[in-house]
Amino acid sequence: FEIIHLKTSRKLQRRYHFALIRLIARNFEEGKGGTSEAEIVSRLHLSSYQVRMLLNELLECKILAASGGEDGDAVYLPALPPAQLTPFQVFRILDAAGDDIGDDHMDVMLANIDAHCQEIAAAAENSGGNRPLKDL
């Protein structure tokens, strides 16, 4: 049960990562500049704590960058060009950051799954449907 919960949580977390990146990339592309934590909380209907956790992960992976806003609070910008930021690129960056599960048997099973996912991702990345995340 714990493993299923862990996978569900990670899957949901990835969806929020993508939603957050899409919001920030769109705001940037529309000339609105950086996106504040308050706007992210409001638009994604998450708590400040959840948003900070997601932002920290994306900052650590260098998908996002933080800058000082007009009122002194941080605003968030894409660290990579939004027009070139695709879902597969984000997935690979987040995937490379890794998940610490700690179970050797689970690590072997996940390595097999990861190899299969990488094959699928490579095929999808080379397909015509790999559009910038901001356009989805």
Side-chain angles (χ1 to χ4, degrees):
F1 176 74
E2 187 175 318
I3 293 170
I4 293 169
H5 175 69
L6 185 65
K7 286 183 181 180
T8 302
S9 297
R10 180 53 79 189
K11 184 176 181 179
L12 184 59
Q13 190 175 14
R14 289 291 188 248
R15 287 185 180 181
Y16 282 123
H17 281 135
F18 283 109
L20 197 147
I21 295 166
R22 188 172 52 236
L23 171 64
I24 291 171
R26 282 183 178 164
N27 280 350
F28 183 79
E29 285 290 302
E30 292 172 2
K32 296 178 183 174
T35 305
S36 69
E37 181 182 317
E39 181 179 353
I40 297 166
V41 167
S42 171
R43 300 272 301 272
L44 297 183
H45 306 289
L46 295 170
S47 71
S48 292
Y49 173 79
Q50 291 169 312
V51 168
R52 275 192 297 273
M53 296 300 291
L54 293 167
L55 286 169
N56 285 336
E57 290 175 1
L58 295 171
L59 289 167
E60 286 179 27
C61 293
K62 300 193 181 351
I63 293 172
L64 295 180
S67 179
E70 292 177 15
D71 58 1
D73 289 336
V75 294
Y76 301 91
L77 305 156
L80 303 167
Q84 298 171 6
L85 195 58
T86 66
F88 294 107
Q89 184 181 17
V90 171
F91 175 78
R92 285 194 173 166
I93 292 169
L94 291 171
D95 194 46
D99 303 325
D100 295 326
I101 292 176
D103 182 353
D104 290 340
H105 177 269
M106 190 65 175
D107 287 343
V108 171
M109 189 170 73
L110 288 176
N112 292 335
I113 293 170
D114 184 52
H116 184 64
C117 286
Q118 298 231 356
E119 290 173 17
I120 293 170
E125 188 170 12
N126 295 327
S127 76
N130 194 19
R131 298 176 296 163
L133 198 60
K134 67 180 184 70
D135 295 335
L136 296 179

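Atom set for the values below is all heavy atoms of this structure, side chains included, hydrogens, waters and symmetry mates excluded.
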Val90, Leu64: one ILVMFWY side-chain cluster at the under-4.5 Å cut-off?
yes
How about Leu55 and Ile24: do any of their side-chain heavy atoms sit closer than 4.5 Å?
yes
Within this structure, what is the CD-NZ distance for the pair Glu39 and Lys32, rounded to the nearest 0.5 Å?
6.5 Å
Can you confirm whether Leu59 sits close enough to Asn56 that some side-chain heavy atom of one is under 4.5 Å from a side-chain heavy atom of the other?
yes
Point-to-point distance, once rounded to the nearest 0.5 Å, from CG of Leu46 to OH of Tyr16:
5.0 Å
Hey, is the main chain of Asn27 close enough, under 3.5 Å, to the side chain of Glu30 for a donor-acceptor pair?
no
Tell me whether Leu85 shares a hydrophobic cluster with Tyr76, the cluster being built from Ile, Leu, Val, Met, Phe, Trp, Tyr side chains joined at under 4.5 Å.
yes
Please examine the side chains of Thr35 and Leu20, heavy atoms only from C-beta on, and report whether any two atoms are closer than 4.5 Å.
no
Is there a side-chain contact between Asp73 and Glu37, using heavy atoms and a 4.5 Å cut-off?
no
Heavy-atom nearest pair, Phe91 first then Phe18, reads N-CZ, 4.1 Å
Under 4.5 Å between side-chain heavy atoms, hopping through other hydrophobics if needed: is there a path connecting Leu77 to Ile93?
no
Do Val51 and Ile40 have side-chain heavy atoms sitting under 4.5 Å apart?
yes
Assess the side chains of Gln50 and Ser47: does a donor N or O sit below 3.5 Å from an acceptor N or O?
yes
Heavy-atom side-chain contact between Ile21 and Pro78 under 4.5 Å:
no
Rounding to 0.5 Å, atoms CZ (Arg22) and CD (Glu29) come to a distance of 14.5 Å
Take Met53 and Gln13 through the side-chain contact (heavy atoms from CB on, under 4.5 Å) test and state the conclusion after the steps.
CA-CA 10 Å; Met53 296 300 291; Gln13 190 175 14; 5.8 Å; no
Taking the side chain as C-beta and beyond, is there a heavy-atom pair between Leu94 and Leu58 under 4.5 Å?
yes
Any side-chain heavy atom of Leu54 sitting closer than 4.5 Å to one from His17?
yes
